[in-house]
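What's counted below: heavy atoms across the whole structure, side chains too, no hydrogens, waters or symmetry copies. As the structure lists them, so they are numbered: ligands from 1, and atoms in each ligand from 1.
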Amino acid sequence: MLRKIIIEPDPILRKKCKPLESVNDDTRKLMNDMLETMYKAPGIGLAAVQIGILKRIVVIDVSKDKEKKDPIFLVNPEITYRSKKTAVYEEGCLSLPGHFAEIERPAECTTKFINFDGKEKELKAEGLLSTCIQHEVDHLNGVLFIDYLSKLKKDMIIKKLLKHKKEIERIIV
Ligand code: GNR
Ligand code: NI
């Protein structure tokens, strides 16, 4: 089932998400909905909070080939290692449509998480996957990439998004 993606500014995106006690069929159903919503957008990652569910769940697929899907499901992800070396990527966010910025983060990270089958796993990542994992874990803590920009740039983006939201509201109502 396709879900609606929440756009900034929205207080939901600033909430801290709750860890899951277990992975059951409802969790798996939700993860499949998240994946469908992410592919349709299209995006390379999605946190549950972006569809209004305050749980620590993330889906990611950074595979280039659209034919060969390679989804990753992360429940209760915890970054256990961050490299000193950093990398800069041009980041986008499905909750900040039309806005992009270069963000510097640790180049490599290791993440402990529970997978689709409910098993505990660890994943060492570099490149775009590493950046994406850090971007998604930020979502679970109510953090967006614009929080790393100057107040001026951040406020400008929020203002534009708010204007865009109000215009859409005006058309619908
Ligand atoms: O689709 C997305 N692209 C992206 C590009 C660079 C760094 C992070 C991302 S994640 C983003 C989808 C999204 O908003 N995930 O929360
Ligand atoms: Ni995002």
Side-chain angles (χ1 to χ4, degrees), residues 2-20 27 30-79 82-83 85-111 113 116 123-149 153-158 160-162 164-165 168:
L2 196 66
R3 309 287 194 112
K4 213 178 119 225
I5 295 174
I6 294 173
I7 309 295
E8 173 79 347
D10 190 311
I12 291 170
L13 294 172
R14 299 312 189 162
K15 297 233 189 284
K16 195 170 160 75
C17 300
K18 289 248 171 348
L20 275 76
T27 320
L30 172 59
M31 290 195 281
N32 282 323
D33 283 357
M34 287 170 62
L35 199 67
E36 182 187 344
T37 305
M38 182 193 81
Y39 285 139
K40 172 86 192 317
I44 60 167
L46 189 76
V49 59
Q50 292 180 276
I51 58 165
I53 291 160
L54 298 173
K55 290 181 180 171
R56 303 187 80 82
I57 306 175
V58 162
V59 299
I60 293 176
D61 191 341
V62 295
S63 65
K64 294 235 177 69
D65 193 341
K66 275 187 190 149
E67 306 297 299
K68 291 195 193 83
K69 289 183 178 158
D70 191 11
I72 301 171
F73 302 89
L74 308 174
V75 173
N76 300 343
E78 273 180 59
I79 300 177
R82 293 173 174 85
S83 65
K85 194 173 152 254
T86 61
V88 176
Y89 273 92
E90 168 113 307
E91 296 197 19
C93 182
L94 296 174
S95 297
L96 305 163
H99 296 276
F100 303 88
E102 288 194 334
I103 305 292
E104 185 178 14
R105 299 181 187 269
E108 291 171 28
C109 68
T110 304
T111 311
F113 64 99
F116 194 84
L123 175 65
K124 176 128 201 242
E126 57 175 25
L128 183 59
L129 178 58
S130 171
T131 286
C132 190
I133 290 170
Q134 294 174 63
H135 173 118
E136 301 311 336
V137 171
D138 270 355
H139 273 301
L140 306 183
N141 297 321
V143 174
L144 300 173
F145 80 71
I146 52 170
D147 300 346
Y148 300 111
L149 304 176
K153 279 187 185 166
K154 177 178 168 175
D155 287 351
M156 222 157 64
I157 291 172
I158 291 176
K160 280 185 185 159
L161 288 166
L162 187 61
H164 181 241
K165 267 185 137 178
I168 289 170

Asks: Checking Asp61 side chain against Asp70 main chain: does a donor-acceptor pair fall under 3.5 Å?
Replies: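 Side chain of Asp61 to backbone of Asp70, a donor-acceptor pair under 3.5 Å: yes, one is there.
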
Asks: Tell me which pairs pass side chain to side chain donor-acceptor pair (under 3.5 Å) where either residue lies in residues 92-103, with sequence neighbours left out.
Replies: Gln50-Ser95

Asks: So, using side-chain hydrogen bond (donor to acceptor under 3.5 Å, both in side chains) as the criterion, who are the partners of Thr110 when residues are at least two apart?
Replies: none

Asks: Tell me whether Thr111 contacts the main-chain N or O of Pro77 through its side chain, where contact means a donor paired with an acceptor under 3.5 Å.
Replies: no

Asks: Return yes if some donor-acceptor pair links the side-chain N/O of Lys55 with the main-chain N/O of Ala48 below 3.5 Å, else return no.
Replies: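 No.
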
Asks: What's within reach of the Ni ion (ligand 2), meaning protein N/O/S atoms under 2.8 Å?
Replies: Cys93 SG, His135 NE2, His139 NE2

Asks: Is it the case that more than 12 heavy atoms not belonging to Lys15 sit under 6.0 Å from its NZ atom?
Replies: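 Counting other residues, nucleotides and ligands, NZ of Lys15 stays at 12 neighbours or fewer.
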
Asks: If the threshold is 4.0 Å, N to carboxylate O, is there a salt bridge linking Lys85 and Glu108?
Replies: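 Judged by the 4.0 Å cut-off on N to carboxylate O distance, Lys85 and Glu108 do not form a salt bridge.
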
Asks: Could you check whether any side-chain N or O of Asp138 sits under 3.5 Å from a backbone N or O of Val143, counting only pairs where one atom can act as donor and the other as acceptor?
Replies: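 Checking the backbone N and O of Val143 against the side chain of Asp138, no donor-acceptor pair under 3.5 Å is found.
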
Asks: What's the spacing between Ile7 CD1 and Ile12 CD1 if we round to 0.5 Å?
Replies: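 Here the interatomic distance stands at 12.0 Å.
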
Asks: Which parts of the protein, at residue level, reach under 4.0 Å of ligand 1 through a heavy atom?
Replies: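 Lining ligand 1 at under 4.0 Å, by heavy atoms, one finds Gly43, Ile44, Gly45, Gln50, Glu90, Glu91, Gly92, Cys93, Leu94, Thr131, His135, Glu136, His139.
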
